[in-house]
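Below is one structure, written out as structure tokens, with a few remarks after it.
Numbered from 1 within each chain, the chains take letters A, B, ... in sequence-line order.
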Amino acid sequence: MSSSPRTCTLLPAPGSPPGRNAQSLSKKAARSQGARRTGGARAPLPRAGRQCKIGGLSPQGCPRIPADRRAAAVDFPGGRMADTSESGPDTDRRPVNEQRRRRIEKIAELKALGIAAYPDRFPRTHTLAEAAALPESAQGLALAGRLTLRRRFGKLTFAHIQDQDKAFQIALERDKVATASLAGKDAYAVFQHLIDLGDFIGCEGDLMRTKTGELTLSVKRFTLLAKSLRPLPEKWHGLRDLELCYRQRYLDLIMNADTRARFALRRRVIAAFRETLDREGFVEVTTPTLVPTASGALATPFVTHHQALDMPAYLRIAPETYLKRLIVGGYDKVYEFAQSFRNEGMDPSHLQEFALLEYYCAFWNYEDNMRFTEKLLAAVIAAAAGSPVVRFQGREIDFTPPWPRIAFRDALTQYAGVAPEDFPTVESLRAEVKKRAPDVEGIEHMGRGSLLDQLYKKCARPQMLGPAFLVGHPIELSPLARRSDADPQLTDRFQVLAGGREIVNAYSELVAPIEQRERFEEQAALRREGDAEAMAAEDDYLLCMEYGMPPTSGWGLGLERFLCLLADRENLRDVVFFPFMRPQSDGGGAADAGAADDTGAPQAPEGA
RNA sequence: GGGGGCAUAGCUCAGCUGGUAGAGCAGCGCCCUUUUAAGGCGAAGGUCGGAGGUUCGAAUCCUCCUGCCCUCACCA
């Protein structure tokens with residue numbers, strides 16, 4: 001590959017690139033010169049040398065890009081991007097870098113060679129995982145993926161392409177490779193100079209094995225499937241910046257295998273739940289996310305406005321009362337993966353939007369439910385994680401049934417060292433809680449139930465590795481749960497504890513409408529001043545109950561929390577593709593100055 | 001909302017008690033037919049998150065703002 005034959009005569013010699021005689025200039029001066037060049041002129045084209053080089057390889061001579069086209073290449077959006085005052089077809093306001101500009105130029109150069117940057121399809125014969133399972137004699141494969149690594153050796157290049165489930169090595173040899181319109185050196189030069197890491201390509205060829213024994217596609221023909229304009233993150237470290245991982249999850253997914261594994265786990269867990277519940281005769285249903293009143297839990301809802309009805313509307317905080325309406329409607333066993341929303345504080349263990357898996361089974365009580373829960377979770381964990389033993393925060397949690405049961409009161413006694421019966425009055429209990437958990441705010445306003453709950457959350461729960469069933473919750477904590485026949489102060493309720501967290505909350509449902517009405521009223525008196533909206537919803541639900549609800553046990557699991565346990569993660573955002581983020585002002589640009597002042601001007605959304 | 005931390009090239013990171021910014025990867029030019037983060041040579045690439053202030057001089061010190069992470073409080 002000597003350089004002289006393919007250097008176009010109208011171009012400067014390779015040794016003296018135009019506009020780059022910067023050695024005599026300071027770094028800064030050189031930079032500003034570069035900026036001026038990109039900002040304005042289409043004059044001496046520093047890139048033309050490369051354009052010609054590709055063309056120059058052609059046996060037909062030098063089919064270099066015609067002057068008008070070449071100008072177009074530079075006048076393309078990327079060529080103008082440096083000048084932010086101009087609003088071209090490209091509305092991206094982020095600071096433009098040289099690499100992006102160059103890639104946009106490449107689109108035009110490819111076009112001049114008859115290669116489309118964004119063709120409409122590519123018929124592949126195998127996924128990469130399928131290809132990896134083929135014998136090395138396999139021929140006539142067509143594979144597709146994103147180019148993620150490239151190792152060039154002169155006339156031979158190894159590269160990796162990556163699809164949903166697998167990365168696979170390809171090899172291109174200069175004298176054997178082609179595109180639809182070019183062959184040999186020309187095609188190879190296209191791959192070397194106009195195809196970038198991040199591009200999607202399709203590759204046709206035969207399998208072979210390299211000297212090191214790796215199954216590899218020997219590429220006879222490649223096709224550009226999509227041009228990428230931005231460089232991929234660092235190939236070795238991947239994307240580390242947490243904020244970028246959340247905001248640009250696609251990059252996290254491209255670069256970080258553990259992220260892909262985490263979301264694959266999510267997929268398997270959901271599939272395993274569906275499979276198991278379906279097999280047990282549960283019916284998957286969909287109930288409303290947009291509701292006239294938020295009920296089913298004590299939480300602040302997101303409020304919106306229903307235009308046509310001119311009334312407030314809410315995003316559900318739980319599917320519970322709708323699923324119970326279906327039980328009244330005659331369903332025996334229902335479940336829903338319910339995307340739910342709670343407008344409350346953000347921290348690593350709370351999301352505003354999260355997935356709640358709930359099921360309800362008629363004619364079961366909470367004991368039936370506990371037996372089923374052991375089976376269900378053990379099956380799901382084994383199917384999704386491969387073993388009933390989960391490693392979490394350096395400890396092992398074995399979900400093999402049966403799991404121990406521990407009474408709420410005993411948990412307090414054993415783990416917090418407080419026996420509730422020793423504090424018969426609210427005042428004495430309050431004093432004790434103050435002593436044990438001095439950092440809790442609002443103790444003065446808490447009733448007995450909340451005080452016990454605080455004690456449990458602060459002093460007992462963190463130490464309970466589990467899995468275990470926590471039973472015998474005080475009635476004050478469970479307005480929708482059935483009162484225990486044995487002890488009227490308790491409910492027929494259980495939680496599953498694992499890793500110091502509550503994974504599942506379930507109970508024998510309260511199905512007696514008159515008692516339910518009383519319990520709601522107690523709650524309202526205890527908690528807030530019973531606003532009209534909340535009462536209306538409860539009325540509607542009570543109406544439903546009055547038609548008769550069979551004995552029923554219901555069950556709820558926070559999917560993200562469960563996934564965190566299985567994925568050994570602390571932050572729920574790690575198991576959600578796109579956690580909610582405050583829009584980022586575009587960082588520095590002129591447009592930003594306006595948005596940053598105290599007028600509270602509208603920000604990024606316009607551009608986004 | 002309170003407290004603590006972080007923000008430097010597209011990415012991953014250095015940058016000392018203030019003296020005007022550096023590496024690796026990616027990109028660009030060149031060499032290279034069996035690599036696995038290939039290697040080698042060369043040249044580039046930066047409003048040091050933003051705005052003020054202190055100073056002869058600020059990535060570095062101070063104040064405010066923005067975003068993110070952790071933590072406490074509330075709810076799952």
Side-chain angles (χ1 to χ4, degrees), chain A residues 1-3 14-15 17 20 22-23 27-28 30-31 34-35 46-47 49-50 53 94-103 149-160 167 169 171-176 193 196-198 208-214 216 229-247 251 255 297-300 317-318 340 342-352 354 356 439-442 457 495 501-505 556-558 560-561 570-573 581-590 592-593 595-598 603:
Chain A
M1 243 195 178
S2 73
S3 62
R20 282 295 171 199
Q23 286 85 347
K27 221 175 183 182
K28 261 187 185 166
R31 239 174 249 144
R47 308 299 183 196
R50 271 176 236 118
K53 185 181 62 187
R94 270 175 288 197
V96 178
N97 64 70
E98 189 184 322
Q99 294 194 42
R100 178 168 180 275
R101 201 166 50 237
R102 175 67 193 128
R103 289 182 180 210
L149 279 175
R150 179 159 53 183
R151 296 180 283 275
R152 297 187 249 219
F153 289 84
K155 300 183 196 65
L156 168 71
T157 292
F158 290 105
H160 284 182
Q169 179 166 276
L172 291 85
E173 290 176 89
R174 189 189 69 178
D175 299 322
K176 296 182 184 171
H193 298 286
D196 287 295
L197 294 185
M208 62 163 199
R209 215 168 268 284
T210 64
K211 282 181 183 168
T212 52
E214 181 162 347
T216 299
L229 299 186
R230 293 180 185 270
L232 291 175
E234 219 255 4
K235 65 185 177 186
W236 180 243
H237 298 94
L239 191 65
R240 286 281 181 78
D241 186 308
L242 266 183
E243 184 173 355
L244 289 181
C245 287
Y246 294 148
R247 286 190 193 276
L251 291 179
M255 300 309 299
L298 292 167
T300 310
I317 55 176
S340 302
R342 299 187 183 179
N343 203 350
E344 290 173 353
M346 313 175 73
D347 67 61
S349 60
H350 292 86
L351 297 168
Q352 276 58 53
F354 63 104
L356 209 45
D439 52 343
V440 177
E441 279 176 15
K457 281 181 179 165
Q495 292 181 314
R501 291 134 198 255
E502 289 146 8
I503 299 303
V504 166
N505 186 24
L557 169 139
E560 283 82 14
R561 290 187 171 179
E570 294 275 32
N571 197 322
L572 296 184
R573 291 159 182 233
M581 287 273 155
R582 193 168 237 127
Q584 202 176 30
S585 48
D586 283 359
D592 199 35
D597 68 17
D598 54 4
Q603 302 194 27

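Among the protein residues, Leu239(A) comes within range of the sugar-phosphate backbone only, with heavy atoms under 4.0 Å from sugar or phosphate atoms but none that close to a base. Residue contacts shown for Met255(A) are absent, as no nucleic acid heavy atom lies under 4.0 Å away. Nucleic acid contact class of Leu351(A) (heavy atoms, under 4.0 Å, all strands): base. Within 4.0 Å (heavy atoms only), Arg573(A) reaches sugar-phosphate atoms of the nucleic acid but no base atom. Contact annotation for Gly556(A): no contact, since no heavy-atom pair falls under 4.0 Å across all strands.
Among rG67(B), rC74(B), rU35(B), the nucleotide with an atom closest to any side-chain atom of Glu243(A) is rG67(B). Taking the side chain of Pro348(A) as heavy atoms from C-beta on, and the options rU34(B), rC75(B), rU71(B), the nearest nucleotide is rU71(B). If you check rG67(B), rU35(B), rC69(B) against the side chain of Tyr246(A), the one that comes closest is rC69(B). With rU33(B), rC68(B), rU12(B) as the candidates, the nucleotide lying closest to the side chain of Lys155(A) is rU33(B). Ranking rC68(B), rC70(B), rU35(B) by closeness to the Met581(A) side chain, first place goes to rC68(B). Listed nucleotides rC11(B), rA26(B), rU71(B) differ in distance to Leu197(A); the shortest reach to its side chain belongs to rA26(B). Which of rC69(B), rC13(B), rA26(B) sits closest to the side chain of Arg240(A) comes down to rC13(B). Proximity note for Asp347(A) (side chain, C-beta onward) versus rC11(B), rC75(B), rC69(B): the nearest is rC75(B). For Thr212(A), taking side-chain heavy atoms from C-beta onward, the closest of the listed nucleotides rG24(B), rU71(B), rU35(B) is rU35(B).
rC75(B): no Watson-Crick or G-U partner with both key distances under 3.5 Å is found in any strand. Nucleotide rC68(B) has rG5(B) as its partner under the Watson-Crick or G-U criteria, with both atom distances under 3.5 Å. Under the Watson-Crick or G-U wobble criterion, with both distances below 3.5 Å, rA26(B) is left unpaired in every strand shown. Shown here, rC61(B) forms a base pair with rG53(B); the pair counts as Watson-Crick or G-U wobble because both key distances fall under 3.5 Å.
Side-chain N or O atoms of Glu173(A) include none that pairs as donor or acceptor with a backbone N or O of Lys176(A) at under 3.5 Å. Not a single donor-acceptor pair under 3.5 Å links the side chain of Arg174(A) to the backbone N or O of Gly154(A). Under a 3.5 Å cut-off, the side chain of Gln352(A) and the backbone N or O of Gly345(A) do form a donor-acceptor pair. Looking at Arg151(A), its side chain never comes within 3.5 Å of a backbone N or O of Phe158(A) through a donor-acceptor pair. Of the possible donor and acceptor atoms, one in the side chain of Asn571(A) sits under 3.5 Å from a partner among the backbone N and O of Arg573(A). Of the possible polar contacts, none joining the Thr212(A) side chain to the Thr210(A) backbone as a donor-acceptor pair under 3.5 Å is found.
Rounded to an integer number of Å, the gap from Leu244(A) CG to rC69(B) P is 12 Å. Separating the CE atom of Met346(A) from the P atom of rC72(B) is a distance of 17 Å, rounded to the nearest angstrom. For Arg102(A) and rG27(B), the CZ to C1' distance is 10 Å, given to the nearest whole Å. The distance from atom CZ of Phe158(A) to atom P of rU35(B) is 7 Å, rounded to the nearest whole Å. The distance from atom CZ of Arg209(A) to atom C1' of rU36(B) is 15 Å, rounded to the nearest whole Å. Computed from coordinates, the Leu242(A) CG to rC68(B) P distance equals 12 Å when rounded to whole Å. In this structure, CG of Leu229(A) is placed 14 Å from C1' of rG27(B), rounded to the nearest angstrom. The CD-C1' distance, from Gln99(A) to rC25(B), rounds to 10 Å in whole Å.
Across the C1' atoms, rU71(B) and rU63(B) are found 25 Å apart, a figure rounded to whole Å. Rounded to whole Å, the C1' atom of rA37(B) lies 42 Å from the corresponding atom of rC72(B). Of the C1' atoms belonging to rG3(B) and rA58(B), the separation is 28 Å, rounded to the nearest Å. Using atom P as the reference point in both rG40(B) and rC25(B), the two lie 8 Å apart (nearest Å). rG46(B) and rG5(B) have their P atoms separated by 32 Å, given to the nearest Å.
Side-chain atoms of His350(A) and base atoms of rC75(B) include a donor and an acceptor less than 3.5 Å apart. The base of rU35(B) sits within donor-acceptor range of the side chain of Gln169(A), with an N or O pair under 3.5 Å.
Applying the 4.0 Å criterion to OP1 and OP2 of rC75(B), one finds that Arg342(A) has every side-chain N and O outside that range. At the phosphate of rG29(B), OP1 or OP2 sits under 4.0 Å from a side-chain N or O atom of His193(A). Contact check, Asn571(A) against rC70(B): a side-chain N or O comes under 4.0 Å of OP1 or OP2.
Salt-bridge formation is detected for the pair Glu570(A)/Arg501(A): a Lys NZ or Arg NE/NH1/NH2 atom is positioned less than 4.0 Å from an Asp or Glu carboxylate oxygen.
Comparing Trp236(A) and Glu502(A), the nucleotide of RNA chain B nearest to each residue sits closer to the 5' end for Trp236(A). Where Thr216(A) and Arg103(A) each meet RNA chain B at their nearest nucleotide, the meeting point lying more 5' is that of Arg103(A).
With a 6.0 Å radius and a threshold of 12 heavy atoms from other residues, nucleotides or ligands, Arg582(A) has its CZ atom at or below the threshold.
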Show each protein N/O and nucleotides 38-41 of chain B N/O combination with a separation under 3.5 Å, one pair to a line.
residue, atom, partner, partner atom, Å
rA38(B), OP1, Lys235(A), NZ, 2.5
rA38(B), OP2, Arg151(A), NH1, 2.7
rA38(B), N7, Arg152(A), O, 3.4
rA38(B), N6, Arg152(A), O, 3.1

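Looking at heavy atoms from C-beta onward, Arg240(A) lies out of side-chain contact with Pro233(A) at the 4.5 angstrom threshold.
Separation of atoms CG (Leu572(A)) and CG (Leu351(A)) is listed at 4.5 Å; rounding is to 0.5 Å.
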